[in-house]
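Order of listing sets the numbers, starting from 1, for every ligand and every atom in it.
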Amino acid sequence: MDKKTKRVCYIHNEDILEKCDKLIRIQNRADIVHSLIKAYNLFQHMSIVEPRQATTEELLGFHSTDYISFLQNLDDLSDDEKCGEEAEEFGLVYDCPIQDGVFECASLVGGGTITAGEKLINDESDIAINWYGGWHHAHRDSASGFCYINDVVLGILKLRQKFERVLYIDLDLHHGDGVEEAFCCTNKVLTVSFHKYSAGFFPGTGSVNDTGYSKGRHYTVNVPLLDGLKDDEYNKIFYSVMVQIKDSFQPEAIVCQCGADGLEGDPMKSFNLSTLSLGRCVQYVLSWNKPTILLGGGGYNYINTAKCWAFLTSLAVNKKLSRDIPDHEYFSQYGPDYELGVTVGNRSDNNSQQYLHHIYTQVIDNMKNIKLDR
Ligand SMILES: CC1(C)CN(C2CCCC2)C(=O)N1c1ccccc1/C=C/C(=O)NO
Ligand SMILES: [Zn+2]
């Protein structure tokens with residue numbers, strides 16, 4: 001693949017944007033993201049690819065029949081049934097409410113990430129972007145953490161139709177539990193998640209000691225981190241872990257979930273990252289010149305999330321962005337600085353050097369046993 005100008009496709013149409021904008025937990029985020037990327041004229045460097053609904057067969061490639069048929073028939077449920085035991089059994093309560101059109105939206109997002117995978121296995125694109133995707137918590141038979149269909153798993157399964165070894169990288173503040181579970185017993189997909197890990201923080205999984213099972217042992221990598229994490233620390237542990245993974249696993253394709261809820265200014269108030277650290281992570285991964293899917297995920301300060309994903313999009317198309325936010329519909333919300341950067345705070349950092357070194361040595365030790373399937 002040519003090292004500089006890569007063929008980038010961008011999953012989008014008005015339908016998926018409108019459907020995602022109606023999701024109660026991230027209302028209107030999709031339009032804010034899309035509008036900034038458009039305002040920076042980045043679409044002239046990418047091919048826009050329309051998503052499609054994931055087929056039932058594709059959904060059943062990961063999710064259970066019971067769960068999918070329940071999701072497909074939500075409209076037939078009475079109000080009581082929507083709050084009943086069965087809904088609860090499928091996780092469709094609290095943070096995963098049954099809302100009108102939620103299945104159509106989730107399966108369109110799933111089809112979007114599958115389409116991203118298709119563009120890569122058909123060698124039509126080098127990088128495929130789906131900022132509507134990245135819903136990494138959905139389990140085989142239940143919704144979780146506002147994730148209903150695990151589009152990430154579906155995209156990885158699509159890539160596995162051509163690529164022998166696929167690497168999944170999760171940069172979201174939260175542990176990518178649904179994706180890790182899906183591939184914890186195989187050595188064909190290595191999942192690595194960098195996330196906040198502390199008592200009572202959702203989803204509660206992702207300990208450094210969780211390294212996978214049976215043939216997948218050592219092919220699950222967890223890097224648990226603490227509140228206040230700063231750019232330099234994040235990038236240092238990211239590079240040192242990822243260079244090891246590159247050498248020992250030698251991935252043929254990559255999926256990177258770029259959840260932006262670890263940024264300073266996010267309501268999650270956890271990490272203290274700027275968009276530069278996520279940008280350095282993505283830039284490093286793209287420098288490997290492997291077919292790559294970039295996905296969205298968390299990110300609840302919508303302006304910061306838009307800045308982050310516009311910046312990451314600019315790295316994919318290798319175009320420098322002006323520091324000044326261009327005039328567009330949401331310009332007024334970018335005050336008071338109206339700049340692309342996200343200023344980091346000076347909140348106390350719970351990640352001591354000792355802690356980070358301890359985690360690093362444990363992760364490297366865990367990975368010593370990763371070897372190519374001879
Ligand atoms: C419901 C939302 C998704 C939104 N939200 C906040 C952010 C600020 C105002 C609402 C949460 O904490 N959520 C959650 C609630 C329960 C479990 C998980 C999550 C988030 C998961 C996530 O981001 N994974 O990557
Ligand atoms: Zn998150």
Side-chain angles (χ1 to χ4, degrees), residues 19-30 32-33 87-88 90-99 102 105-106 109-110 113 130-139 142-153 155 168-182 191-206 222-229 234 255-273 275 277-278 281-282 293-306 308-309 312 333 342 345 347:
K19 284 182 163 65
C20 288
D21 268 354
K22 287 196 185 108
L23 291 174
I24 50 178
R25 301 290 197 206
I26 49 168
Q27 213 143 20
N28 202 39
R29 185 181 81 172
I32 292 173
V33 171
E88 187 147 4
F90 291 124
L92 296 165
V93 285
Y94 314 124
D95 303 301
C96 304
I98 295 176
Q99 60 174 91
V102 69
C105 176
V109 169
T113 302
N130 184 13
W131 295 135
Y132 303 101
W135 301 108
H136 56 169
H137 296 309
H139 301 291
S142 72
S144 175
F146 198 56
C147 304
Y148 298 82
I149 299 283
N150 200 313
D151 67 289
V152 186
V153 172
Y168 173 65
I169 305 167
D170 193 304
L171 302 179
D172 194 283
L173 176 70
H174 298 86
H175 175 232
D177 57 340
V179 188
E180 178 180 290
E181 272 167 36
T191 61
V192 54
S193 178
F194 300 79
H195 50 270
K196 173 175 174 176
Y197 183 74
S198 67
F201 185 73
F202 182 88
T205 49
N222 280 303
V223 185
L225 299 161
L226 305 173
D227 276 345
L229 187 70
Y234 189 64
V255 177
C256 189
Q257 198 267 22
C258 309
D261 43 6
L263 293 176
E264 171 57 18
D266 194 278
M268 297 310 292
K269 294 191 187 323
S270 296
F271 289 172
N272 192 4
L273 302 177
T275 52
S277 54
L278 286 178
C281 293
V282 168
I293 297 178
L294 299 180
L295 298 174
Y300 305 101
N301 175 322
Y302 299 168
I303 295 303
N304 279 2
T305 302
C308 182
W309 294 348
L312 298 183
Q333 296 188 38
V342 168
R347 266 190 291 123

Quick check: does any side chain N or O of [X] sit under 3.5 Å from a backbone N or O of [Y], one acting as donor and the other as acceptor?
X      : Y      : result
His174 : Asp172 : no
Gln99  : Ile24  : yes
Asp266 : Lys269 : no
Ser270 : Met268 : yes
Asn272 : Gly228 : no
Ser277 : Leu273 : no
Gln333 : Tyr302 : no

Considering only heavy atoms of [X], which atoms of ligand 1 have at least one such atom less than 4.0 Å away?
X      : answer
His137 : 21 (C), 22 (C), 24 (N), 25 (O)
Asp172 : 24 (N), 25 (O)
Gly145 : 17 (C), 18 (C), 21 (C)
His136 : 24 (N), 25 (O)
Asp261 : 22 (C), 23 (O), 25 (O)
Arg25  : 1 (C)
Pro267 : 8 (C)
Phe146 : 3 (C)

Ile26, portion touching ligand 1 at heavy-atom distance under 4.0 Å |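 Neither; no heavy atom under 4.0 Å.
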Closest to atom 4 (C) of ligand 1 among Tyr94, Phe201, Tyr300 (heavy-atom distance):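 The nearest heavy atom belongs to Tyr300.
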Atom 16 (C) of ligand 1: which of Asp95, Leu173, Ile24 has the nearest heavy atom?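 Answer by nearest heavy atom: Asp95.
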Next item on the list: Give a yes or no on whether a salt bridge exists between Asp21 and Arg29, defined as a side-chain N under 4.0 angstrom from a carboxylate O.
Entry: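 Salt bridge: no.
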| Note, Glu180 side chain near Asn222 side chain (heavy atom, < 4.5 Å) | yes
key: pair His136-Tyr168: side-chain heavy atoms closer than 4.5 Å   = yes
Before giving the answer on side chain to side chain donor-acceptor pair (under 3.5 Å), spell out for Asp177 and His137 the whole-Å C-alpha distance, their side-chain angles and the decisive distance to 0.1 Å.
CA-CA 6 Å; Asp177 57 340; His137 296 309; 2.8 Å; yes
Value for CG (Leu295) from SG (Cys258), rounded to nearest 0.5 Å, stands at 7.0 Å
CG of Asp151 to CD of Gln257: how many Å apart, nearest 0.5 Å?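 Spacing of CG (Asp151) from CD (Gln257) equals 9.0 Å.
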Within the structure, does at least one protein heavy atom fall under 4.0 Å of [atom]?
atom                    : answer
atom 22 (C) of ligand 1 : yes
atom 8 (C) of ligand 1  : yes
atom 13 (N) of ligand 1 : no

inquiry  = Would you say the rings of His175 and Phe201 are close, in the sense that their centroids are separated by under 6.0 Å?
reply    =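 Phe201 vs His175: aromatic centres not under 6.0 Å.
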Q: Ignoring angles and geometry beyond distance, decide whether Gln257 reaches within less than 3.5 Å of ligand 1 through its nitrogen or oxygen atoms.
A: no
* **N/O separation below 3.5 Å, His174 to ligand 1** =>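 Yes - when backbone and side-chain N and O of His174 are compared with those of ligand 1, one distance drops under 3.5 Å.
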Item to complete: Can you check the number of protein N/O/S atoms within less than 2.8 Å of the Zn ion (ligand 2)?
Response: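 Number of qualifying protein atoms: 3.
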shortest atom 11 (C) of ligand 1-to-protein heavy-atom contact is with Met268 SD, 4.5 Å
Around atom 18 (C) of ligand 1, find the nearest protein heavy atom and jot down its residue, atom name and distance.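 Result: Phe202 CD2, 3.4 Å.
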Can you list, pair by pair, the side-chain donor-acceptor contacts under 3.5 Å of residues 142-149, counting residues two or more places apart and other chains?
{"residue": "Tyr148", "atom": "OH", "partner": "Pro97", "partner atom": "O", "Å": "2.6"}

